[in-house]
Engineer: 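Pasting a structure below so you can have a look.
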Amino acid sequence: MARLKVGVLISGRGSNLEALIAACAAPGFPAEIALVLSNRADAAGLAHAARAGIASRVIPHRDFSSRNAFDDALDGALAAAGIELVCLAGFMRLLGAAFVARWRDRLVNIHPSLLPEFPGLDTHARALAAGMRFSGCTVHFVRPEMDSGPIIVQAAVPVLPGDDAECLAARVLEAEHRAYPLALRLIAEGRVRVEGECVTIAGSPV
Ligand code: GAR
């Protein structure tokens, strides 16, 4: 069976990209990464694509006079590569409503909190300041509002006494590296449906 063609958008380190690349390399995995796009030329994650022999392109947002023009350039590159699903993996630009509508339910993001708690930046410091006992990560379909949309997979981790933002981030990141490949597998297997802004997963419960 043909594998789902995935485009991954990054801005930086790319550890989630690396986890997705590793998952796709496993025999029988139902998706392949066909293109990596970065809005920053210095994104360390581009090296993961190069090592894996995956096509990549830098599209600097600063080269465009408007958000829509930048989004259109992304869209053109994704369409030219025949991409069927877009994964945001530490892509730190807000995408415009037109792009999000064009890719509705074919555009997913990972965020390092149990959404809808703590969208945006400084997630871990905010979770600690709120005295949370658990934190975690969320893989979700993207809607125009930042870090919002139907939830596909969540993974929870404990907040431990003495945690600072850095060690909580590291614990959550390990969970991200399991959750994103799981979500990608479920989508690529055709088991994920959005019904009334909630996700149902055919077959066994997550
Ligand atoms: C990850 O923790 C991801 O969840 C977060 O950026 C980091 C990227 O790390 N994304 C967001 O905060 C999106 N709102 P990575 O480049 O090593 O994958």
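Each residue takes its place number in the sequence, starting with 1. We count ligands from 1, going down the list as the structure has it; atoms in each ligand are counted the same way. Hydrogens, waters and symmetry mates are skipped; everything else that's a heavy atom, side chains included, is used.
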Engineer: Counting N and O atoms only, with roles assigned by atom type, does the side chain of Arg171 sit under 3.5 Å from a partner on the main chain of Pro158, one being a donor and the other an acceptor?
Structural biologist: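 Side chain of Arg171 to backbone of Pro158, a donor-acceptor pair under 3.5 Å: yes, one is there.
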Engineer: Does atom CZ (Arg40) have a neighbourhood of more than 12 heavy atoms from anything else shown, all under 6.0 Å?
Structural biologist: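 No, the 6.0 Å shell around CZ holds no more than 12 heavy atoms from other groups.
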Engineer: Hey, is Glu18 close enough to Arg13 for a salt bridge, meaning N to O under 4.0 Å?
Structural biologist: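 Judged by the 4.0 Å cut-off on N to carboxylate O distance, Glu18 and Arg13 do not form a salt bridge.
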Engineer: Note the single closest protein heavy atom to atom 10 (N) of ligand 1, along with its residue, its atom name and the distance in Å.
Structural biologist: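 Closest protein heavy atom to atom 10 (N) of ligand 1: Ile110 O, 3.5 Å.
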Engineer: In a check of side-chain hydrogen bond (donor to acceptor under 3.5 Å, both in side chains) between Thr138 and each of Glu176, His111, Gln154, Glu117, which one passes?
Structural biologist: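 It is Gln154, the one option of Glu176, His111, Gln154, Glu117 that forms the side-chain hydrogen bond (donor to acceptor under 3.5 Å, both in side chains) with Thr138.
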Engineer: Asp147 heavy atoms, cut-off 4.0 Å: which ligand 1 atoms fall inside?
Structural biologist: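 Those atoms are 13 (C), 14 (N).
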Engineer: Please list the nearest protein heavy atom to atom 15 (P) of ligand 1 with its residue and the distance rounded to 0.1 Å.
Structural biologist: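 For atom 15 (P) of ligand 1, the nearest protein heavy atom is Ser15 N, 3.4 Å.
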Engineer: Students should be able to answer this: which protein heavy-atom is nearest to atom 6 (O) of ligand 1, and at what distance?
Structural biologist: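 Minimum-distance protein heavy atom for atom 6 (O) of ligand 1 reads Gly90 CA, 3.8 Å.
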Engineer: Is the number of heavy atoms from other residues, nucleotides or ligands under 6.0 Å of Glu195 CD greater than 12?
Structural biologist: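 Check passes, neighbour count above 12.
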Engineer: Tell me which part of Met92 gets within contact of ligand 1: side chain, backbone, both or neither, using heavy atoms under 4.0 Å.
Structural biologist: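 Within the 4.0 Å criterion, Met92 contacts ligand 1 through side-chain atoms alone.
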Engineer: Any idea which protein heavy atom is nearest atom 16 (O) of ligand 1, and the distance to it?
Structural biologist: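 Nearest neighbour among protein heavy atoms for atom 16 (O) of ligand 1, to 0.1 Å: Gly14 N, 2.7 Å.
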Engineer: At what distance is the nearest protein heavy atom to atom 2 (O) of ligand 1, and which residue and atom is it?
Structural biologist: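 Checking every protein heavy atom, the shortest distance to atom 2 (O) of ligand 1 gives Glu176 OE2, 2.9 Å.
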Engineer: Is Arg193 salt-bridged to Asp105, going by a charged N under 4.0 Å from an acidic O?
Structural biologist: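 Looking at Arg193 and Asp105, the cut-off is not met.
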Engineer: In terms of residue, atom name and distance, what is the protein heavy atom nearest to atom 7 (C) of ligand 1?
Structural biologist: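 I find the closest protein heavy atom is Arg13 NH2, 4.1 Å.
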Engineer: Decide whether the shortest distance between a heavy atom of Ile10 and an atom of ligand 1 is less than 4.0 Å.
Structural biologist: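 Contact check Ile10 vs ligand 1: negative.
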Engineer: Working note: His140 + Ser148, criterion side-chain hydrogen bond (donor to acceptor under 3.5 Å, both in side chains); need CA distance, chi angles, decisive distance, verdict.
Structural biologist: CA-CA 7 Å; His140 63 95; Ser148 76; over 6 Å; no
Engineer: What protein heavy atom is closest to atom 12 (O) of ligand 1, reported as residue, atom name and distance in Å?
Structural biologist: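 Protein heavy atom with the smallest distance to atom 12 (O) of ligand 1: Pro112 CD, 3.4 Å.
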